[in-house]
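Quick one: structure below, then a few questions.
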Amino acid sequence: MNRTPIRIILAGARGNMGKEAAQLVAETEHFECVAVLDHKHEGQFLADIEGMPALEARIYTDADEVFSAVEADVLIDLTTPAAGKVHMEKALDYGVRPVIGTTGFSDEDIERLTKKAEEKELGAIIAPNFAVGAVLMMKFSQMAAKYFPDVEIIERHHDRKLDAPSGTAVKTAQLISDVREEKNQGHPQETEEMQGARGADMEGMHIHSVRLPGLVAHQEVMFGGSGQTLTIRHDSINRQSFMPGVQLAVETSLNLSTLVYGLENIME
Ligand code: NAP
């Protein structure tokens with residue numbers, strides 16, 4: 001079947017996630033990489049940089065320039081929290097649908113960007129985790145939280161990650177808080193003898209962030225009840241685990257006219 005190619009600008013193509021996404025775009029018949037947005041290598045082609053996938057896409061370092069010079073349908077952004085927010089705003093300004101894997105967006109960011117996507121009648125997706133297994137872990141955690149209000153989230157990531165806690169941990173906590181009766185966990189007189197020992201606190205739930213070389217992206221959601229514990233765990237062993245979700249988000253963004261936050265909202 002011949003499909004009109006979806007024209008993609010890829011931001012962050014030299015990064016760990018970006019390299020996988022570049023490979024996905026190169027291997028997907030109906031995807032076409034029309035440009036790369038970076039903060040280095042202006043005017044070079046991605047394929048000419050050592051170790052990069054063979055994508056004949058020109059690199060731009062100015063977001064306004066790339067969006068005005070190149071006709072594109074979708075921006076895939078896998079950069080940093082600060083750059084991702086700027087790129088997303090600009091993409092919407094120029095009528096390009098953003099598919100954002102970059103984490104670190106706050107509730108206020110999401111609210112503002114939803115308004116903007118709706119004003120522009122453009123599809124946009126922010127997915128803090130593109131791995132289908134991670135989405136199921138979040139859904140199962142939400143199911144369990146109805147019966148176990150005592151919960152601790154332990155997320156573990158590689159030590160190059162900039163934001164903590166992870167977007168997935170925050171999203172998990174939000175999903176749990178929709179069904180969990182609010183409760184301060186632990187002993188009522190509990191004190192921290194060392195700052196941060198009990199992790200971050202969201203409505204009495206605790207979130208712990210581990211950063212170590214050798215890790216990719218892992219999360220455990222631990223529930224405790226009288227005489228029992230329940231642990232729901234997901235491991236991304238490599239970054240290929242995220243690519244089916246990226247592909248689904250790119251394809252789905254074309255049929256949306258608002259911002260969708262979370263892969264679970266586009267999975268059937
Ligand atoms: P990474 O390896 O550090 O890659 C980030 C890339 O973005 C690098 O090539 C970096 O270049 C580039 N970059 C930095 N600032 C930029 C800017 N202003 N404009 C354009 N490019 C810029 O990080 P990663 O592990 O690939 O992760 C990228 C993002 O995806 C992070 O926010 C991470 O939390 C998120 N993530 C999401 C998922 C998901 O499923 N949604 C999964 C894993 C990771 P330099 O290295 O030269 O600075």
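All ligand and atom numbering here is 1-based and tracks the order in the structure.
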Pairing of Glu203 and Lys183 as salt bridge, 4.0 angstrom limit: no

Does the protein place any heavy atom closer than 4.0 Å to atom 23 (O) of ligand 1? no

Going by the atom numbers of ligand 1, which of them fall below 4.0 Å from some non-hydrogen atom of His87? 19 (N), 20 (C)

Under 3.5 Å between any N/O of Ala83 and any N/O of ligand 1: does that happen in this structure? no

Under 4.0 Å from one or more heavy atoms of Lys161, ligand 1 contributes atoms 34 (O)

Any idea which protein heavy atom is nearest atom 38 (C) of ligand 1, and the distance to it? Met17 CE, 3.6 Å

Min N/O separation Gly18 to ligand 1 under 3.5 Å: no

Atom indices of ligand 1, in the order listed, that fall short of 4.0 Å to a heavy atom of Thr80: 14 (C), 15 (N)

Return a yes/no value: protein heavy atom under 4.0 Å from atom 40 (O) of ligand 1? yes

Can you tell which part of Arg160 has a heavy atom less than 4.0 Å from ligand 1: side chain, backbone, both or neither? neither

One thing to verify: whether Arg7 and Asp73 come together as a salt bridge, which I'm taking to mean a side-chain N less than 4.0 angstrom from a carboxylate O. yes

Regarding ligand 1, does Pro81 bring an N or O atom to under 3.5 Å of one of the ligand's N or O atoms? no

Checking a contact table here: which protein heavy atom is nearest atom 45 (P) of ligand 1, and how many Å away? His39 NE2, 3.4 Å

Which segment of Val86 sits under 4.0 Å of ligand 1 when only heavy atoms are counted: neither

Ligand 1 to Leu37, heavy atom cutoff 4.0 Å, flagged ligand atoms 20 (C)

Taking only non-hydrogen atoms of Thr103 and a 4.0 Å limit, the atoms of ligand 1 in range are 32 (O), 33 (C), 34 (O)

Do the ring centers of Tyr94 and Phe67 come within less than 6.0 Å of each other? yes

Under-4.0 Å heavy-atom contact with ligand 1, by part of Phe130 that carries it: both

Nearest protein heavy-atom contact for atom 36 (N) of ligand 1: which residue, which atom, what distance? Gly101 O, 3.7 Å

Salt-bridge criterion met for Lys139 and Glu264 (N-O under 4.0 Å): no

Just jot down the ligand 1 atoms closer than 4.0 angstrom to any heavy atom of Thr79, in number order. 5 (C), 7 (O), 20 (C), 21 (N), 22 (C), 28 (C), 29 (C), 31 (C), 32 (O)

Close side-chain approach of Met52 to Leu46, heavy-atom, < 4.5 Å: yes

Say whether Arg239, considering both its backbone and side-chain N or O atoms, lies within less than 3.5 Å of an N or O atom on ligand 1. no

